[in-house]
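What you are looking at is a predicted structure, and each value in this text was computed from that prediction instead of being measured. Below, chain A is the first sequence line, B the second, and so on; all start at residue 1.
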Amino acid sequence: MITFGTIVILGILISLIIWLFFRENKVISWILFILYTGFSFVLLLRLYGQWQYYEAFKSIIYLGNIKIKFTLQNNMLGWIFAILIFGISFFNGLFSLGFSKSKYSKNIVPLWTLILSASILILFAKDFILFFVGWEYLTWPVFFIVNQGKKKFYSDSMYYFALNVLGGMALMLGIWLVFKNTQTLDIKTSISILLSHKASIHTFWLLIPFFIAFLVKSAAYPFHVWAPRAHSSAPADFSPFISGIMIKFGIFGILLFIYPLLSKGFIPGTYHGVPTTAYFLSWLGIITSIVATVLAFSENNMKRLMAYSSVANVGYILTAIFLTTPLGIEGGIFHTINHMIFKVIIFITLAAVYFRTGTADMSKLGGIAYKMPITFMTFLIGIIAAAGIFPMNGFTSKWIIFQAILEKHFYLMAVAMFFASTGAFLYLYRALHSIFLGQIKPEHRDSVKEVPFLMQIPMWIGMILIISIGVFPGLVLKPLIPFFNSIGLPAKYILTSLSKLPGSFGQLNTLNAAIIFGFAAVLVTILFFVVAKHHKKPFMDNYTAGEDPKDWGVDENRYQFAYGFYQPFEKKFLPFFKRSVDMFWQYFGFYTKHLGEWFNNIFKDDNNFGYIAIIGIVIIFIFGGFVL
Amino acid sequence: MIFLILLKAFLITLWVVFIGLLFLGIGRKITARIQKRYGPPFYQQFIDVIKLLAKESIWHHWIMILGAIMALGGLIATALHVPIAGILPYDSNGPIFLVLYLSAIGYLGMAMGVSASGNPNAPLGIGRALTLMLGYEIPFAAVLIIFMGLTKSSYFLQIAQSQAGGILHWNFIRYPLAFIGAEIAVQAMMAEKPFDQMIAPAEIASGPLVEWPGKFLGLGMIQMGVSVFIETAIITNLFLGPSHNILDFTLKQFGIYFIALCINAVMPRFKIENAAIYLWTIPLGLGLLQMLITFVL
Amino acid sequence: MLDKIQKDREKRQSAWEAVINYFRKRSLYMLHYCTGCGAIELPPIMTSRWDMERFGIAPMATPRQADILLVTGYASQKTIKRLIYTYEQMPNPKWVLGFGSCTINGGIYWDSYNVINKLDRYIPIDLFISGCMPRPQSILSAMKKLQEMIGKGEAKGYERYKQNYEWYKKNQRKLLERETPFLDGGEK
Amino acid sequence: MKIKEMLENIKKEFPYIGTEIQEEKQARIYVCNDKFLNILTYLRNEKFEHLANIFAIDWIDEKEFEINYNLWSYEYLVSIIVKVRIPRDKAKIPTALNIWDHAQIYEREVHEFFGIEFIGNPDLSPLFLHNWKDLPPMRKDFDTEAFSRKAFDVGEREGEK
C-alpha cells in the first residue's frame with residue numbers, strides 16, 4: 001500500500017472537496033479532518049520498523065541532464081515526527097470540532113490538510129527538491145491561517161510571512177549551493193559527498209543559508225519575533241499546531257542536514273570535543289531561551305506569553321542538539337517530543353478559555369479555574385511540565401539535556417540554562433494566576449462553564465500522556481532505541497527499564513521518585529482531612545484591612561492583581577531586551593518598505609527615467625556577462 | 001520491598017518534620033536572645049502547629065486545599081531525596097536535579113493555593129518570592145555545578161563522600177568562595193533577612209499567607225520547617241563533609257541555620273529588585289570565580 | 001445505656017478539649033486593632049522590656065491567622081464597623097481583649113457624639129483591661145488571665161457571639177443602619 | 001511690607017470691612033456676608049494663595065454662624081483670617097470653590113458638622129460621619145450627652161444622681 005502518496009494526495013483531495021463543497025459547513029469539514037488524520041495515523045503506525053520502505057514517483061522534470069526522481073523514504077526520525085503530528089492533529093481536530101460552534105472559529109480545514117500533506121513531504125523527502133516543495137507548501141497555508149483574512153492581523157502576520165519567505169529563499173540558495181558543490185540533490189548522498197571534500201573553503205558559507213532557514217522556522221533568537229505575533233493572531237485552535245509542530249520542522253531540518261555535517265567535522269575546529277560552530281550555536285540556544293524568558297515576563301496576552309515559552313523551549317532543544325553528542329541528540333529529540341505534547345495541551349486549554357470568554361488578555365481574565373476545573377487541571381499539569389518540574393514529562397527531557405551539557409563540562413552553559421529554567425517558573429505562574437486564579441470577573445461568573453466533553457478528550461489524553469511519560473520516560477525513549485543506535489548512543493545511555501533515566505553524571509529512577517512523591521502527597525492529604533474542620537467562604541470575603549469592599553465600590557475586577565506583575569524586575573531589565581531585536585526587525589521592515597516604495601515610484605512617475613534606468617541596467621548586465 | 005521503602009520514608013518524614021519545627025523553635029529563642037528578650041520556649045513551634053491544626057479554617061475554593069497539599073507533599077518528597085547522613089528511603093543517592101525541581105512543585109503548590117484565595121496581596125508576595133527565586137537559584141546552581149563537575153556525579157551522596165578524610169578535606173575549607181556564595185543564596189532561600197520581601201507583614205500583610213487560616217497555616221509552618229531542613233541539609237551535604245551519624249549531621253545543619261539566624265537578627269531588608277541584583281553580583285560572582293579557579297586555573 | 005455512652009462521649013470530648021485548650025492558651029496570635037492612643041503601650045510589651053513572646057503570644061498581620069483581637073482604645077461609629085468586619089473574618093476560636101477605659105464605658109469620651117461607650121454590646125469581649133492608659137504590666141497580666149481562662153475553657157466569647165448573634169446584630173444595626181434620628185429635633 | 005500697611009491697603013480698597021491685628025504675623029478681617037468673596041479674591045491676587053482651612057463657629061446666643069477662611073501668604077509669611085457672619089437660621093453662604101478648588105472638601109466638612117449650606121458647591125455629601133441622621137453634631141443646640149446616652153445605651157451612670 002502506498003502510504004505516503006495516499007496521505008499526500010488524500011490531503012489535497014480533502015482540501016479541495018471541503019473548499020468546493022463544505023466551505024460553510026464547519027462540522028462536516030472538521031469531521032473529514034478527523035477522519036483524515038485518524039486514517040493517516042493508522043497508516044503511519046503500520047510503518048514502524050519498516051525503515052527500508054520507500055515510495056518513488058517518476059517525473060518528467062529534468063534538471064540539467066539529471067532526471068529528477070521523487071522518493072519518499074521512511075526513516076525513524078521522520079516517522080516519529082509524523083506520528084506525533086497526525087496524532088496531535090487528530091486530537092486537535094476533536095477539539096476544533098467543538099470549537100467550531102464558537103464565533104471565533106474559522107474554517108481552516110482546507111488549509112490545514114494541505115499543511116499536513118506538506119509535512120509528509122518534508123519528513124520523508126529523500127531529495128532536496130521534495131523537501132523544498134514541502135517546506136514552501138507548509139509556509140504559505142500557515143500564512144493564510146495566521147492572517148485570517150483580517151486587516152488587524154496584517155502587521156502581525158507580516159512578521160511571520162517576511163521571515164519565513166526569507167527562510168525559504170535561504171533554503172533555496174542553500175540547496176543550489178549544495179547542488180553546485182555535489183551535483184546531486186539526494187540529501188544523504190550530498191551529505192556524504194560534502195563530508196568527503198570538507199577541506200573546501202566554501203564549507204562554512206554553504207551552511208549559513210540552511211542555518212537561516214531552519215532557525216527562522218524554529219523561531220530561534222534573532223528570528224524569534226514572528227512567533228509571538230503569529231500565535232496571537234492565529235485562530236485559537238490553530239495556535240497549538242504552530243507551537244507544537246510548526247516550529248519543530250526547523251529542528252527536524254537541523255537534525256536531518258546540519259547535525260550529520262557538523263558532528264562529522266564538516267567545519268574544522270573543535271572546542272572540548274565539540275565543533276566550534278556548534279558550540280556557538282549551542283550558546284545561541286541558551287540566548288534564545290533567556291531572551292524569550294525575559295520577554296515573557298511582561299507579556300499580557302496569554303498566547304504571546306506561551307509563544308515566548310515555546311521559543312524558550314526551542315532554545316533548550318537547540319542547545320542540546322548543537323552539543324552534537326549522542327546524549328545531546330537524545331535529550332533534544334526527547335524534549336522536542338515532550339514539548340510537542342505539553343505545549344499543544346497548554347494551547348488547547350488557552351483555546352478553551354478563549355472559547356468561553358473571547359479574550360486573550362490576561363488582565364481581563366481571572367478565576368476561570370472555578371468554572372472550568374478540567375481545563376484548569378490540564379493547564380496546571382501542562383505548565384508543571386513546561387517548567388520542568390518533576391513528575392511531568394518536561395522534567396525527564398530537561399534532565400537528559402542537563403546531563404548532556406555536564407557531560408561536555410560546559411558548566412557556564414548549565415548555569416545560564418538554569419536561569420532560563422527558573423525564569424520559566426515566573427511567567428508560567430503569572431499565566432496560572434492571571435487566567436485561572438484570583439478573583440473571577442463579574443461578567444464571567446455566570447457565562448463561563450466547562451467545555452463540552454468532546455473538547456475535553458484531548459485534555460484528558462494530554463494529561464495522561466504528560467504524567468505517564470514523566471513517570472515512565474521509556475515509553476518514548478524505548479521505541480526510539482533503533483534511531484539512537486544509528487547515531488551511536490553509547491550503551492550506558494540506553495534505557496534498561498521503562499523508568500530509568502540515563503545520564504552522564506548519574507541515573508534517576510523516576511518510578512521510585514514518583515512513588516515517594518505520591519506517598520508524601522497521600523500522607524499530607526490524610527493529615528489535612530483528619531485535623532479540624534474547614535468551611536467555605538465566598539471570594540469577596542477576603543482580607544481587606546477591615547474595609548468592606550462594597551463600601552468603596554470595589555468589585556472583583558479591582559480586587560485582582562493583574563497589571564505590572566513583575567514590575568520591579570521589568571523596571572531593571574526590560575528596556576535592555578525590548579530594544580535589541582524587535583527594534584532591529586522593525587527598522588529592517590521599515591527600510592525595506594521604503595526601498596520598495598522607491599522602486600515603485602520609479603515606475604509610477606510620468607517621466608521615463610525608470611524605464612531608461614532598467615534598460616540600462618539590463619544592458620550593463622548583458623555586456624558585463626560577455627566581458628566576464 | 002516497597003513497604004520497607006515506605007516505612008523508611010514515613011520515619012524519615014517524621015524526623016524531618018520534627019527537626020524542622022525544632023529548628024524553627026530554637027531559632028525563635030536565639031533571635032529573642034540576640035534582641036535581649038527572654039523568648040518563647042524551644043518547643044513553641046510544636047505548640048503553634050498543633051493549635052493551628054486544631055483551629056477552624058476557612059477556604060475559598062478546593063484549589064486552595066490542593067495547593068496546600070501539593071506544597072507540603074512536594075517539599076516532603078524533596079526532603080526524602082536529600083541524604084541525611086547517608087540515609088535515604090531508597091537508593092536514589094540524592095539526585096541534585098530532582099531535588100531542585102521537586103522542591104519547585106512545593107513552591108508552585110503554595111503559589112497556586114494562595115492565588116486561589118483571591119487576595120491580591122498573595123500573588124504580590126508570590127511575585128516578590130519568585131523574583132527573589134530567580135535571584136538565588138542562579139548562584140546556587142553555579143555552586144552545585146562546581147561540585148557536580150568535581151565529583152562527576154549529580155548526587156548529593158557522592159559529593160558528601162568525596163570529602164572524606166578529616167576536616168581539611170571538607171569543601172567549605174577547600175572551596176571557601178563557593179561556600180560564602182552558597183551561604184548567601186541559602187539565606188535568600190530561607191527568606192531570612194535581608195531577603196524577606198515576600199513576607200513583609202507591614203507592607204502586604206504577610207504576603208502569600210494573607211488568607212491562610214488555621215490548618216493551612218499549620219501546614220505552611222510544617223512546610224517552612226521542612227524547607228529549612230532541606231536547605232540546611234543541602235549545604236551540609238555539599239560543604240560539611242561526610243557525616244558519621246544522624247546526630248552529627250543534625251548538629252552541622254544547626255550550625256548552618258545558626259549563621260542564617262544571626263544574620264537575620266541584625267539585618268534590614270533589601271528592595272525587591274536590588275535583592276535579585278545583589279544575588280547576581282556577589283554570590284554569583286563568588287560562585288563563578290570559584291568555578292574559574294577550580295576548572296580553569 | 002445510650003445516655004451513658006452519650007455522657008462518656010461528652011466527657012471524652014471535654015478531655016480532648018482540655019488538651020487542645022492547653023495548646024491554645026500557649027500559642028496566641030494577636031491582631032492589634034490600633035484605633036486610639038493605646039497602641040503606644042504595645043511596643044514595650046513586644047520588645048525586650050516585657051517580651052510577650054515568652055508566653056507564646058505573637059503579633060499577626062491578618063485577621064485570618066489571629067486568635068486575639070486587641071482593641072486598643074476607643075472605637076468610633078465608623079471604626080466599629082471595621083472592627084465587626086474584622087472580628088467576623090477571624091476563624092474560631094477567637095477572643096477579644098478590650099483595652100483601656102474607652103472600651104469599657106467610653107472613658108473620657110463617654111459623652112461624645114461618636115465614641116462607642118460599651119464595646120461589648122457590639123462584639124463579645126472576653127476580658128477588659130481597665131486604666132487610661134493601662135500600663136504594660138496590666139496588659140501582660142490580662143494576657144496571663146486570658147490564658148488561664150482559655151485553659152479552663154471559660155473564655156467563650158465567640159460562642160456567646162454565635163448564640164446571641166441576633167442580639168449583637170440588633171445592636172450593631174441600631175447604631176450603623178439607623179433610619180431615624182436618635183434625638184427629637186430631627187433632620188438637619 | 002508690614003502687616004499694618006497691608007491691612008490699610010486692604011481697607012482702602014474695601015472701606016466697609018473691619019480689621020484687627022492679632023500678632024505680628026496674624027490678622028483678622030471682619031466682613032459681611034455679601035462682600036466677602038470680593039475680599040477673598042482680592043487677597044488671593046495679593047499673594048495670599050494658600051487656603052489653609054475653612055471652619056465655623058456657632059454663636060448660639062447671637063443666633064449667628066461665623067465662617068472663617070484661614071489664609072496664608074508664602075510671600076509675606078502672614079496669616080489672615082477672614083471672618084464672615086451669617087444668620088443661624090437656615091444658614092447659607094456662597095461657595096469659595098471658584099477661588100480655591102480645594103475649598104470643596106472643607107466646605108463639605110463644615111456642611112456636615114454645622115449644616116451650613118454652601119450655595120454653588122456641587123457635592124456636599126457626608127464625609128466623616130457614618131449614617132448620620134440627627135442634628136449636625138457640632139452645633140451648640142445638639143445635646144451630645146443625651147445623644148450618647150441614647151445611641152450608645154449608656155443609661156444612668158453610677159453616682160450621678
Side-chain angles (χ1 to χ4, degrees), chain B residues 21 24-25 27-60 64 114 117-119 121-122 125 198-221 265, chain C residues 13 16-34 39 42-69 86-95 136 140 143 147 150-151 153 158-159 161-162:
Chain B
L21 291 180
L24 288 181
R28 280 172 75 173
K29 187 88 181 169
I30 289 170
T31 311
R33 284 306 169 89
I34 291 170
Q35 293 169 350
K36 275 190 147 182
R37 287 188 287 125
Y38 186 78
F42 70 90
Y43 50 84
Q44 180 65 44
Q45 211 68 21
F46 294 98
I47 300 178
D48 281 1
V49 166
I50 293 171
K51 177 210 75 174
L52 285 169
L53 291 181
K55 199 172 157 81
E56 200 175 277
S57 348
I58 61 106
W59 56 292
H60 297 285
M64 248 175 110
V114 300
S117 72
N119 197 306
N121 282 317
M198 66 176 273
I199 306 289
E203 272 174 66
I204 49 174
S206 59
L209 298 171
V210 58
E211 275 292 304
W212 275 37
K215 55 183 171 181
F216 291 94
L217 190 63
L219 293 190
M221 264 183 188
Chain C
Q13 228 158 21
W16 171 245
E17 280 290 305
V19 174
I20 290 298
N21 277 339
Y22 170 77
F23 290 105
R24 279 179 184 154
K25 77 170 187 185
R26 289 303 307 273
S27 156
L28 291 172
Y29 291 161
M30 189 175 76
L31 180 74
H32 28 276
Y33 195 95
C34 299
L42 286 175
I45 313 171
M46 289 182 196
T47 50
S48 52
R49 184 69 179 87
W50 275 287
D51 182 28
M52 68 181 183
E53 204 187 356
R54 67 196 147 126
F55 303 119
I57 305 167
M60 277 287 153
T62 88
R64 294 294 190 203
Q65 302 166 355
D67 303 305
I68 312 177
L69 178 64
T86 306
Y87 179 74
E88 288 184 350
Q89 279 192 333
M90 287 164 64
N92 289 338
K94 53 192 171 183
W95 300 280
L140 267 194
M143 299 266 188
Q147 287 188 335
I150 293 169
Y158 59 95
E159 283 187 1
Y161 191 72
K162 215 187 282 173

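In this structure, CZ in B/Arg37 is found 9.0 Å from CE in C/Met52, a value given to the nearest 0.5 Å. In this structure, B/Lys29 NZ and C/Arg54 CZ are separated by 10.0 Å, a value rounded to the nearest 0.5 Å. Here the CD atom belonging to C/Glu53 is positioned 8.0 Å from the OG1 atom belonging to B/Thr31, to the nearest 0.5 angstrom. Between atom CD of residue C/Gln65 and atom CG of residue B/Leu52 there is a gap of 8.5 Å, rounded to the nearest 0.5 Å. Distance check, rounded to the nearest 0.5 Å: NZ of B/Lys55 to NZ of C/Lys94 gives 8.5 Å. The line from CZ of C/Arg26 to NZ of B/Lys51 is 12.5 Å long, rounded to the nearest 0.5 Å.
Contacts of B/Glu211 with chain C are made by both backbone and side-chain atoms, with heavy-atom separations under 4.5 Å. Only the backbone of C/Ala66 comes within less than 4.5 Å of a heavy atom of chain B; no side-chain atom from C-beta onward does. For B/Ile47, the parts sitting under 4.5 Å from any heavy atom of chain C are the backbone and the side chain alike. Neither the backbone nor the side chain of C/Asn21 comes within less than 4.5 Å of any heavy atom in chain B.
In terms of non-hydrogen atom pairs under 4.5 Å with chain C, the most contact-rich of B/Gly39, B/Ala54, B/Ala32, B/Gly214 is B/Gly39. Per-residue heavy-atom pair counts under 4.5 Å with chain B were compared for C/Thr47, C/Ile20, C/Asp67, and the maximum is reached by C/Asp67.
Across B/Lys36 and C/Ser48, no two heavy atoms sit closer than the pair O-CB, 3.0 Å. Nearest heavy atoms, B/Leu217 versus C/Tyr29: CD2-CE1, 4.3 Å. Scanning both residues, C/Thr62 and B/Val210, for their nearest heavy atoms gives OG1-O, 3.1 Å.
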